[in-house]
Amino acid sequence: MSLEENLAKPLIISCAITGSITTREQHPGLPVTPAEIAASSLEAAEAGASCVHIHVREDDGTPSCRGELYQEVFERIRARSDVVICGTTGSGGGRFNGAERFTALPYLPDLASFDAGSMNFGERIFENSPAFLRDLAREITSRGIVPEIECFDLGQIGNALRLEREGLLPGASGKWWFQFCLGVRGGSPADAGTLLAMRSLLPRGAEWSVLAIGRGQLAMNIIAIIEGGHVRTGMEDNIYYRRGELVDGNGQFVERIAKLAHELGRPVATPAQAREILGCQPAAIAAQKSTT
Ligand code: ZN
């Protein structure tokens with residue numbers, strides 16, 4: 001694709017609101033309760049986020065997998081906004097296994113994260129065995145949810161493509177949505193060469209986005225804007241607006257990306273455009289199904 005074509009594509013800005021690793025000690029404004037997570041999501045949507053990526057916590061900040069918490073967050077967001085919702089199926093920093101990782105899915109987020117392989121993750125092992133990935137693919141796609149295929153290295157792209165040959169991915173819409181997750185200790189580094197190598201392995205027509213942990217976040221986001229990808233920002237991945245300066249909140253990160261896209265002449269996707277690009281169901285249908 002030419003630069004002109006890349007810059008003509010609506011940019012999907014995802015905002016990862018709180019994650020499961022950052023603590024209040026590191027950032028006193030980290031959203032923790034369902035009300036705070038929803039409020040911060042709405043602030044991100046207002047600033048231009050097409051999508052919010054949701055983890056939940058207990059009130060003391062401990063990562064949680066309780067379904068009621070997802071339900072409350074999703075309901076609070078849906079009451080006020082049509083922003084695309086991505087529910088996590090992560091392990092909460094190694095706390096949750098097997099079916100405990102599926103607890104957001106009954107509340108029908110538009111997207112659900114799909115961690116496409118095992119790896120060292122800092123000092124622990126992030127386990128996603130082939131058998132687990134098959135279960136996860138079925139749990140997500142059987143509900144009409146679109147998998148967000150998180151790849152922390154090149155091999156994980158291969159894992160996802162193997163599941164396509166088994167008929168388990170990408171799901172009913174037939175559209176691929178990849179999130180490259182760079183800069184985790186144990187995964188691929190956050191640099192331009194790595195990012196573009198990962199993109200080169202994608203099937204034709206696949207959409208991709210990039211997140212990077214800490215300082216790499218903004219730089220990788222900018223490359224994605226220029227290269228026709230999409231971006232994820234937010235306090236799950238980084239808490240500094242610039243070196244030594246904590247971000248005010250998720251809205252400030254999204255605002256900066258929207259401004260940069262604007263400066264480069266790339267339009268920001270509305271939630272409705274993002275749903276169409278990613279093959280999600282329209283917001284009204286998703287919201288209705290989740291309450292029945
Ligand atoms: Zn996450």
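Indexing begins at 1, ligand by ligand and atom by atom, following the structure's order.
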Problem set entry | the Zn ion (ligand 1) - number of protein N/O/S atoms closer than 2.8 Å | 4

Review item, side-chain donor-acceptor pairs of residues 189-201, under 3.5 Å, at least two apart:
residue	atom	partner	partner atom	Å
D191	OD1	G193	N	3.3
D191	OD1	T194	N	2.7
D191	OD1	T194	OG1	2.7
D191	OD2	T194	OG1	3.3
R199	NH1	E227	O	3.2
R199	NH1	E227	OE1	2.9
R199	NH2	E227	OE1	3.2
S200	OG	A197	O	2.6

Exercise. Using a side-chain heavy atom cutoff under 4.5 Å and only I, L, V, M, F, W and Y, what cluster partners does F96 have?
Worked result: none

For this session: Any pair with a residue in residues 217-269 that passes ring pair (Phe, Tyr, Trp, His ring centres under 6.0 Å), sequence neighbours left out, goes on the list, sorted by first then second residue, please.
Result: W177-H230

For this session: Please work out whether the ring planes of F102 and F132 are parallel, tilted or perpendicular, with thresholds of 30° and 60°.
Result: parallel

Problem set entry | Side chains of H53 and S113 in contact at under 4.5 Å (non-hydrogen atoms) | yes

Exercise. Are any of the side-chain nitrogens in R95 or E58 under 4.0 Å away from the carboxylate oxygens of its partner?
Worked result: no

